[in-house]
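Please read these numbers as outputs of a predicted model, since none were measured by experiment. Just so we're on the same page: letters track the sequence lines, and every chain starts at 1.
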Amino acid sequence: MNGGVATCVEENQTETEDLVMLHAKQICEAAFEQDDDDDDDDVEEEFAHPIPWQKIEAEGLDCDYSLLFSKQEADRLFNQLEVEVEYFTGDEAQVQVYGKLYNVPRQQATYGDEGLMYSFSGVHLLARLWTPTLEYIRDVVTNATGQTFNFVLINRYKDGNDHIGEHRDDERELDPTCPIASVSLGASRDFIFRHKDARSGSNPNKRQIKPVKLELAHGSLLLMNAPTNRHWYHSLPVRKKVKTPRINLTFRRIIKTRVKK
DNA sequence: TGCAAAACACCATA
DNA sequence: ATATGGTGTTTTGC
């Protein structure tokens, strides 16, 4: 994940806010340029075609982005997941905020190793067993990153109205040394990081830190390395123009906790 | 082209 | 984890 890094960072055009925006198309072009004539003869076969990674860095933020799947394969994986994945329904699809119950504005599912417990919105649940497609994607991600994962959270955004608010991923039961690997399939969506000290409210230490905006493309992989999750919140905002679904898979390594008797 | 309305985005709040 | 409303910006359509 340290291979040739193309500079695709461009300042946003607006004068009111100059945020960093990475455009998927540029990343895509850079990736394929890189791939064309890069055949080193003396590397081992399985590493003969390393993926070009785009490094994304800011104060306390460290991510790597790449196109992991061709359009053809990403299409195939998307279609298979649309058949295979069983999403939460009923209570598990609801959340209570300020005393009111809401349906979460997306669909969610969790899969992982046998018997793996995880906490979600305060309750402890058992992950479903991996499906063949999920195992395949997990293994491709492992080959690309050298990291192993025992759990995946799936979020499905049926269109641009589905979204997720600003949050950090719960660290308590996550292996802090393992990055979170986020695979995107389907509609391309904006993804926004905001530093915790840049958030408003009663923050005595409020600082002016620019958000980092990415566009997560069909077939892409975003690696969120430590300590990103400690300092930066992230969200997937509403985008009314988006009319087609996106499936996001976040692979994690969960530390198995002792079950109380 | 220029304007006004509609749609969208962002932030604060509950 | 949310939706909602106020405010400011961008897009649309005439």
Side-chain angles (χ1 to χ4, degrees), chain A residues 10-24 58 85 87-112 117-128 151-174 180 182 184 187-216 222 224 228-252 254:
Chain A
E10 129 182 323
E11 292 298 321
N12 203 352
Q13 304 89 336
T14 61
E15 292 180 338
T16 48
E17 49 176 339
D18 48 347
L19 310 169
V20 179
M21 174 65 102
L22 299 170
H23 292 280
V85 175
Y87 293 96
F88 294 160
T89 59
D91 294 348
E92 293 180 353
Q94 295 190 319
V95 65
Q96 189 169 345
V97 181
Y98 283 92
K100 285 157 96 175
L101 271 181
Y102 300 96
N103 295 320
V104 298
R106 62 192 170 276
Q107 287 177 287
Q108 299 183 302
T110 56
Y111 289 78
M117 302 283 292
Y118 64 98
S119 38
F120 203 78
S121 300
V123 291
H124 291 278
L125 297 172
L126 210 54
R128 293 180 186 272
F151 180 82
V152 63
L153 168 65
I154 305 178
N155 280 287
R156 181 182 186 275
Y157 305 87
K158 68 178 183 302
D159 58 31
N161 288 307
D162 273 3
H163 62 281
I164 191 166
E166 210 170 61
H167 69 284
R168 291 181 289 184
D169 290 314
D170 193 350
E171 281 184 58
R172 294 194 308 265
E173 50 189 1
L174 291 180
I180 293 174
S182 169
S184 296
S188 187
R189 290 289 294 267
D190 289 347
F191 183 81
I192 299 179
F193 285 104
R194 282 179 77 203
H195 195 282
K196 65 180 192 310
D197 293 341
R199 287 153 46 91
S200 55
S202 55
N203 182 353
N205 305 325
K206 185 163 181 180
R207 300 164 59 198
Q208 298 285 343
I209 303 173
K210 292 176 189 170
V212 175
K213 297 187 174 187
L214 312 183
E215 188 180 326
L216 301 182
L222 177 70
M224 288 176 272
T228 303
N229 210 30
R230 284 222 308 276
H231 303 296
W232 293 76
Y233 287 72
H234 57 268
S235 66
L236 193 91
V238 169
R239 289 292 179 259
K240 303 279 187 188
K241 292 186 180 89
V242 176
K243 303 299 182 190
T244 55
R246 166 177 184 264
I247 297 174
N248 180 61
L249 314 172
T250 50
F251 293 92
R252 302 137 187 265
I254 291 187

Closest non-hydrogen atom pair between A:Phe151 and A:Ile254, with its separation: CG-CD1, 3.5 Å

side-chain contact (heavy atoms from CB on, under 4.5 Å) partners for A:Gln107, two or more places apart: A:Tyr87, A:Arg156

What pairs of nitrogen or oxygen atoms, one from the protein and one from nucleotides 2-5 of chain C, lie under 3.5 Å apart?
from: C:dT2; atom 1: OP1; to: A:Arg106; atom 2: NH1; distance (Å): 2.6
from: C:dT2; atom 1: OP2; to: A:Gly165; atom 2: N; distance (Å): 2.9
from: C:dA3; atom 1: OP2; to: A:His163; atom 2: NE2; distance (Å): 3.3

Set of side chain to side chain donor-acceptor pair (under 3.5 Å) partners for A:Arg189, sequence neighbours left out: none

Contacts of type side chain to side chain donor-acceptor pair (under 3.5 Å), residue A:His231, not counting sequence neighbours: A:Lys196

Residue-level proximity of residues 234-242 of chain A to DNA chain C when a heavy atom falls under 4.0 Å: none

Those residues that, when tested against A:Arg168, pass side chain to side chain donor-acceptor pair (under 3.5 Å) (two or more places apart): A:Tyr233

A:Phe88 CZ - C:dA1 C1' separation (whole Å): 13 Å

Whole-Å gap separating P (C:dA1) and CD (A:Gln107): 19 Å

Rounded distance (Å) that lies between atom C1' of B:dC11 and atom CD of A:Gln208: 14 Å

Non-neighbouring partners of A:Asp169 that pass salt bridge (charged side-chain N to carboxylate O under 4.0 Å, His left out), sequence neighbours left out: A:Arg252

Contact list for residues 89-100 of chain A, test salt bridge (Lys or Arg N to Asp or Glu O under 4.0 Å), sequence neighbours left out: none

N/O (side chain, A:Lys213) to phosphate O (OP1/OP2, B:dC10) under 4.0 Å: yes

Atom pair distance, as rounded to whole Å: CG in A:Asn155 and P in C:dA1: 11 Å

Side-chain donor-acceptor pairs under 3.5 Å in residues 236-247 of chain A, sequence neighbours left out?
from: A:Arg239; atom 1: NE; to: A:Asp190; atom 2: OD2; distance (Å): 2.8
from: A:Lys240; atom 1: NZ; to: A:Asn161; atom 2: OD1; distance (Å): 3.2
from: A:Lys243; atom 1: NZ; to: A:Lys240; atom 2: O; distance (Å): 3.1
from: A:Arg246; atom 1: NH2; to: A:Ser184; atom 2: OG; distance (Å): 2.8
from: A:Arg246; atom 1: NH2; to: A:Asn248; atom 2: OD1; distance (Å): 3.2

Interatomic distance, A:Asp190 CG vs B:dC10 C1' [rounded to whole Å]: 14 Å

Length of the NZ-C1' vector between A:Lys243 and B:dA7, whole Å: 11 Å

